[in-house]
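Quick note on labels: first sequence line is chain A, next is B, and so on, each numbered from 1. Note that the structure is a prediction, hence the values are computed from the model and not measured.
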Number of protein chains: 2
Amino acid sequence: MARVSDQPIRQRDAERTRAELLAVATEVFAESGYSGARVDEIAERTRTTKRMIYYYFGGKEQLYLAVLEEAYRGIREAERGLDVGELGPVEAMRRLAELTYDHHLEHQAFIRLVAIENIHRGEHIQRLQSLRDLGQPAMSLLDEILERGRVEGVFRDDVDAFDVHLIISAYCVFQVANQYTFGYLFSRDLHAPESRTHLRALIGDVVVSWLSRR
Amino acid sequence: MARVSDQPIRQRDAERTRAELLAVATEVFAESGYSGARVDEIAERTRTTKRMIYYYFGGKEQLYLAVLEEAYRGIREAERGLDVGELGPVEAMRRLAELTYDHHLEHQAFIRLVAIENIHRGEHIQRLQSLRDLGQPAMSLLDEILERGRVEGVFRDDVDAFDVHLIISAYCVFQVANQYTFGYLFSRDLHAPESRTHLRALIGDVVVSWLSRR
DNA sequence: CCGAGAATGTACCAACGGGTACATTGCCGT
DNA sequence: ACGGCAATGTACCCGTTGGTACATTCTCGG
């Protein structure tokens, strides 16, 4: 998308201009990486000019920082929607794994941004104090499910939330982040419809059978 | 490393010049990504000049292609060394997962290259026919272990080698590829010595308990 | 030992790319 | 209704960067 919305364009609207730059910048950085992204291209894809990037953000790097911060905040927002409350611990855990899988497939641009940031050894994210310990909400939910499972005697008691989160995240991120090389090396399309169904069930299966008492 | 070796420098040595360029280019591309890498920097870190990059490879992109191909070949070579032959299926599987974990931690530059290539949607690797189905050897080994386990009745029979490989790869790649953002968001250093021991055992544990008949 | 071609070095170029100086215009409060 | 400032546009700058023209030198076969 080049325009953020089709509502009649007011001549002057600082908020709108800033938001549009941020949205387009998110796309472009996710597509091309930090070095690969071109300030001129970002500007061209908006209804405004390059000048505005410097007016609102200060420069390419600050724009990228704003993109990162906004992207992480959006994801945290989306994660709030996760709900597995009614289910028993085993099914809740399976559900959480599967929802996480879906969630990652739906936010590929975000995962690309994360991959890009890691290429840069996290030098930018470390400057965003607002993101410190952003992982806590996800951990709490996991913790609660794990605890219920332990109380009911269906889950082993030597695994903590962090480990579970790591396994699920790694699996789901990999599906998106490494789809091209992995798909090529094994001649498979991880995102073909049949594959998705199978791979979605797979992570639930792995987690549940790993955590279950035997 | 700026120099590949300290052996006396012969004045003219095509092979050596080419190899040195390739080695340094591998470092630089892995450090900075494709767009971020500078041809001038690669040249500066060798005992030769930029001119030679164009003489031997043709340009930045072809040099990157050569780096990718060579890196994948090196990894396949290293994977040949994997040996779990003497062990029973369960211990062989655990061992394989743990060795894969070690292997990934030891080849971080390679994993960075893979991440970079995925940012580019695999457009380069797809042009390297020599890498097609490079994953087969790893799959065969897994297949053999799985089959032994099924015959002995210790492994379930509804999981195939690809699924196991995916789980292990995802986990091990993630440790390296996402260490910076993940570490920051959860305030943990995945590569601290205690972490390593734990995380190494974890993947073996997950795979074995998932695959084992109950 | 010599000539030819492979291998290398030097100096340069043109396009690109992030950033800015300066002019202008629309909007809001009084 | 107008003055002032926020917001925007235009045109330009200059260091960087991938790439190359041309000269040179080493090496090796005959």
**Message:** Can you measure Gln62(B) atom CD to dG19(D) atom C1' for me and round it to whole angstrom units?
**Reply:** 11 Å
**Item:** Whole-Å gap separating P (dT8(D)) and CZ (Phe57(A))
**Value:** 12 Å
For residues 169-183 of chain A, which side-chain donor-acceptor pairs fall under 3.5 Å, sequence neighbours excluded?
residue: Ser169(A); atom: OG; partner: His165(A); partner atom: O; Å: 3.1
residue: Ser169(A); atom: OG; partner: His165(A); partner atom: NE2; Å: 3.3
residue: Tyr171(A); atom: OH; partner: Gln175(A); partner atom: NE2; Å: 3.4
residue: Tyr171(A); atom: OH; partner: Leu199(A); partner atom: O; Å: 2.7
residue: Gln179(A); atom: OE1; partner: His191(A); partner atom: ND1; Å: 3.4
residue: Gln179(A); atom: NE2; partner: Gln108(A); partner atom: OE1; Å: 3.1
residue: Gln179(A); atom: NE2; partner: Val176(A); partner atom: O; Å: 3.1
residue: Tyr180(A); atom: OH; partner: Arg121(B); partner atom: NE; Å: 3.3
residue: Thr181(A); atom: OG1; partner: Asn118(B); partner atom: ND2; Å: 2.8

**Message:** Expressed as a whole number of angstroms, how long is the span from Arg16(B):CZ to dA6(C):C1'?
**Reply:** 18 Å
**Message:** Can you confirm whether Tyr56(B) sits close enough to Leu63(B) that some side-chain heavy atom of one is under 4.5 Å from a side-chain heavy atom of the other?
**Reply:** no
**Request:** Classify every nucleotide of nucleotides 7-12 of chain C by which part a protein heavy atom approaches to under 4.0 Å, writing B for the base, S for the sugar-phosphate alone and - for neither, in 5'-to-3' order.
**Result:** BBBB--
**Message:** Does Glu86(B) form a salt bridge (Lys or Arg N to Asp or Glu O under 4.0 Å) with Arg95(B)? I'd like the steps, not just the answer.
**Reply:** CA-CA 11 Å; Glu86(B) 307 298 306; Arg95(B) 193 89 211 289; over 6 Å; no
**Item:** Phosphate OP1/OP2 of dT20(C): any Tyr54(A) side-chain N/O under 4.0 Å
**Value:** no
**Message:** Please determine whether salt bridge (Lys or Arg N to Asp or Glu O under 4.0 Å) holds for the pair Glu27(B) and Arg45(B), giving the CA-CA distance in whole Å, both sets of side-chain angles, and the decisive distance to 0.1 Å.
**Reply:** CA-CA 10 Å; Glu27(B) 292 173 26; Arg45(B) 291 211 216 166; 3.0 Å; yes
**Message:** Parallel, tilted or perpendicular: which one describes the rings of His124(A) and His120(A), with boundaries at 30° and 60°?
**Reply:** perpendicular
**Request:** Report yes if some heavy atom in the side chain of Leu68(B) is under 4.5 Å from a heavy atom in the side chain of Phe110(B); otherwise report no.
**Result:** no
**Message:** I'd like to know whether Val207(A) forms a side chain to side chain contact (heavy atoms under 4.5 Å, CB included) with Arg94(A), so could you lay out the CA-CA distance, the side-chain angles of the two residues, the decisive distance to 0.1 Å, and finally the verdict.
**Reply:** CA-CA 7 Å; Val207(A) 170; Arg94(A) 186 188 303 279; over 6 Å; no
**Prompt:** Within this structure, what is the CD1-to-P distance between Ile42(A) and dG19(C), rounded to whole angstrom?
**Reply:** 11 Å
Where do N or O atoms of nucleotides 13-17 of chain D meet protein N or O atoms at under 3.5 Å, pair by pair?
residue: dT17(D); atom: OP1; partner: Arg38(B); partner atom: NE; Å: 2.6

**Message:** Tell me if the CZ atom of Arg196(A) is crowded by more than 12 foreign heavy atoms within 6.0 Å.
**Reply:** yes
